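First the proteins, then the strands, lettered A, B, ... as listed; each starts at 1. Predicted model only: the values in this text are computed from it and were never measured.
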Amino acid sequence: MADPSSELLAWFDRTGRDLPWRGTRDPYAIWVSEIMLQQTRVETVRPYYRRFLERFPTPEALAKAPIDEVLALWSGLGYYRRARLLHRAAGEVVAKGRFPTTAAELEELPGIGPYTAAAVASIAFDEAVAVLDGNVERVISRWIAFAEPPRAAAAKLRLREVAASLLDPERPGDSNQALMELGALVCRPRSPSCDACPLVASCAAYREGDPEAYPLPVEKRATERRRHLAVLVERKDEILLFRRSDDEDLLAGIWEIPWVRLRDDGATAELHLGTRYGGSWSLGETLRLVRHGITYRDIEVELRRGELSEAGELAEGAEAGWFRRDEIESLPTSSLLEKLLR
DNA sequence: AAACCGTGGGC
DNA sequence: TGCCCAAGGTT
């Protein structure tokens, strides 16, 4: 009874959180939760998950919805490509006529990689396949004092092997979730609570005395900062928005207020949103400039005083329109717009 | 393989 | 403030 696998599962049974996507065996619901949870915290996902499943309770409901409605429910969650791929994959499931039941089959769907395939297969279908997410990487790296950064494919393979050795074949879904839960609550990136850890007795990093030393750091690229200017343009009770082209890499198909890149000296240097704009808007409408800051990974958007002077036109694939605030809720938007209207 | 995609919380 | 980094996948 003192083997690590049993200790881990017993700990999970005792202290595991009661999350909305636990307590269901519906593979579709579990799938949706796993997509939303990609690189996204549990507390952020909660409200989105509830609304999304309420509106799209089945793959059929999701598949037949227009993509803009899917994106509207995803608005503010980030990584919008996830929503597009989920929508596309739902169409494939419906076309196929049945839900994929193995990790190998699941991984063929767009947006489902090794992690998500293993998570859905183990949780919904009891397939004894180990997940390797950021939590498991950290837990296992510490448990075996893994001496290389979890970057190369070979390193990940090794970590997954060890994770698999901790799997209870009778309860693979709970075993996987236990490892992730442990990483999220106890074996945290900083200040792990080794006192509360069910694996402490066999943890190599703990024995060495400095569990935080693992996993070994992955080299990170330098980030470039760019400054932008964003402007809220209003006329009466309407706001001017632009819909970014579906071909954009960043925020494809998302409605936003106009923002432009600034040169280092603060002058407008480059037009964003795939748009050109300027005098053509200023047809007597009120230009209201708002102060606000928002940061994408390496892009700072700053709302501040500015002059719009260049004449312009809409770029290929982009679209412009005036909307009342109550209409904007049903549009695909980003957090920039959501914060602005808050 | 490395770079890219959004956002928010924690320190 | 600035930086880390989160239930990753795609290219």
(message) Side chains of A/L109 and A/V93, heavy atoms from C-beta outward: is any pair under 4.5 Å?
(response) yes
(request) Kindly indicate whether the side chain of A/M36, heavy atoms from C-beta on, has any atom under 4.5 Å from the side chain of A/W21. (result) no
What integer distance in Å separates [X]:[atom1] from [N]:[atom2]?
X      : N      : atom1 : atom2 : answer
A/M36  : C/dA6  : CE    : C1'   : 16 Å
A/R244 : B/dG6  : CZ    : C1'   : 12 Å
A/R46  : B/dT7  : CZ    : C1'   : 18 Å
A/I35  : C/dT10 : CD1   : C1'   : 12 Å
A/Q38  : B/dT7  : CD    : P     : 16 Å
A/L157 : B/dA1  : CG    : C1'   : 16 Å
A/W74  : B/dC5  : CH2   : C1'   : 13 Å
A/L250 : B/dC4  : CG    : P     : 12 Å

(request) State whether the side chain of A/T15 and the backbone N or O of A/F12 hold a donor-acceptor pair below 3.5 Å, judged by distance alone. (result) no
(message) Any carboxylate oxygen within less than 4.0 angstrom of a Lys/Arg side-chain nitrogen, looking at A/E181 and A/R17?
(response) yes
Write down the distance separating the [atom1] atoms in [N] and [M], rounded off to the nearest Å.
N      : M     : atom1 : answer
C/dT11 : B/dG6 : P     : 14 Å
B/dA3  : C/dA7 : P     : 23 Å
C/dC4  : B/dC4 : P     : 16 Å

With respect to the phosphate group of [N], does any side-chain polar atom (N or O) of [X] fall under 4.0 Å of OP1 or OP2?
X      : N     : result
A/Y79  : B/dC4 : no
A/S335 : B/dT7 : yes
A/T116 : C/dG9 : yes
A/R138 : C/dA6 : yes

(message) What's the separation between atom CG in A/D174 and atom CG in A/L9, rounded to the nearest 0.5 Å?
(response) 6.0 Å
(message) If I compare all heavy atoms of A/L179 with all of A/N135, which pair ends up nearest, and what's the gap?
(response) O-CB, 4.5 Å
(request) Give the minimum heavy-atom separation between A/P172 and A/E127, together with the two atoms involved. (result) CB-O, 3.4 Å
(message) Apply side chain to side chain contact (heavy atoms under 4.5 Å, CB included) to residues A/L19 and A/R46 and explain how you reach the verdict.
(response) CA-CA 8 Å; A/L19 301 176; A/R46 260 184 212 274; 3.5 Å; yes
(message) Regarding B/dG8, can its base be found pairing with the side chain of A/T40 as donor and acceptor, where the two atoms are less than 3.5 Å apart?
(response) no
(message) Here's a test of your reading of the structure: between A/P189 and A/G111, which maps to the more 5' nucleotide of DNA chain C?
(response) A/P189
(request) Can you tell me which residue pairs pass the side chain to side chain donor-acceptor pair (under 3.5 Å) test with a partner in residues 83-96 of chain A, sequence neighbours excluded? (result) A/R84-A/D246
What N/O pairs connect the protein and nucleotides 9-11 of chain B at under 3.5 Å? Give each pair on its own line.
none

(request) Determine the contact category for A/L86: base if any of its heavy atoms lies under 4.0 Å from a base atom, sugar-phosphate if only primed atoms, P, OP1 or OP2 are that close, otherwise nothing. (result) nothing
(request) Could you check whether A/G76 gets within reach of a base, just the sugar-phosphate, or nothing at all, counting any heavy atom under 4.0 Å? (result) sugar-phosphate
(request) Specify the residues of residues 140-152 of chain A, ordered by number, for which at least one heavy atom lies under 4.0 angstrom from an atom of DNA chain C. (result) none
(request) With a 4.0 Å heavy-atom cut-off, tell me which residues in residues 117-132 of chain A come close to DNA chain B, sorted by residue number. (result) none
(request) Start with the C-alpha gap between A/L251 and A/Y80, add the side-chain angles, then the distance that decides, and say whether side chain to side chain contact (heavy atoms under 4.5 Å, CB included) holds. (result) CA-CA 7 Å; A/L251 302 173; A/Y80 298 97; 3.4 Å; yes
Result block: side-chain N/O donor-acceptor pairs under 3.5 angstrom for residues 60-74 of chain A, not counting sequence neighbours:
| residue | atom | partner | partner atom | Å |
| --- | --- | --- | --- | --- |
| A/E60 | OE1 | A/T58 | OG1 | 3.4 |
| A/D68 | OD1 | A/R243 | NH2 | 3.1 |
| A/E69 | OE1 | A/R55 | NH2 | 3.3 |
| A/E69 | OE2 | A/R55 | NE | 2.5 |
| A/E69 | OE2 | A/R55 | NH2 | 2.9 |
| A/W74 | NE1 | A/G78 | O | 3.0 |

(message) Assuming nearest nucleotide by heavy-atom distance, tell me which of A/D249 and A/A153 is located more 5' along DNA chain B.
(response) A/A153
(request) Please determine, for the side chain of A/Q39, which listed nucleotide (C/dA7, B/dC5, C/dG8) has the closest atom? (result) C/dG8
(message) By the ring-ring contact (aromatic ring centres under 6.0 Å, His included) test, which pairs, at least two apart or in different chains, include something from residues 114-143 of chain A?
(response) none
(message) Using a 6.0 Å distance limit plus a 45 degree cone around the ring axis, check whether A/R51 lies over the aromatic ring of A/Y48.
(response) yes
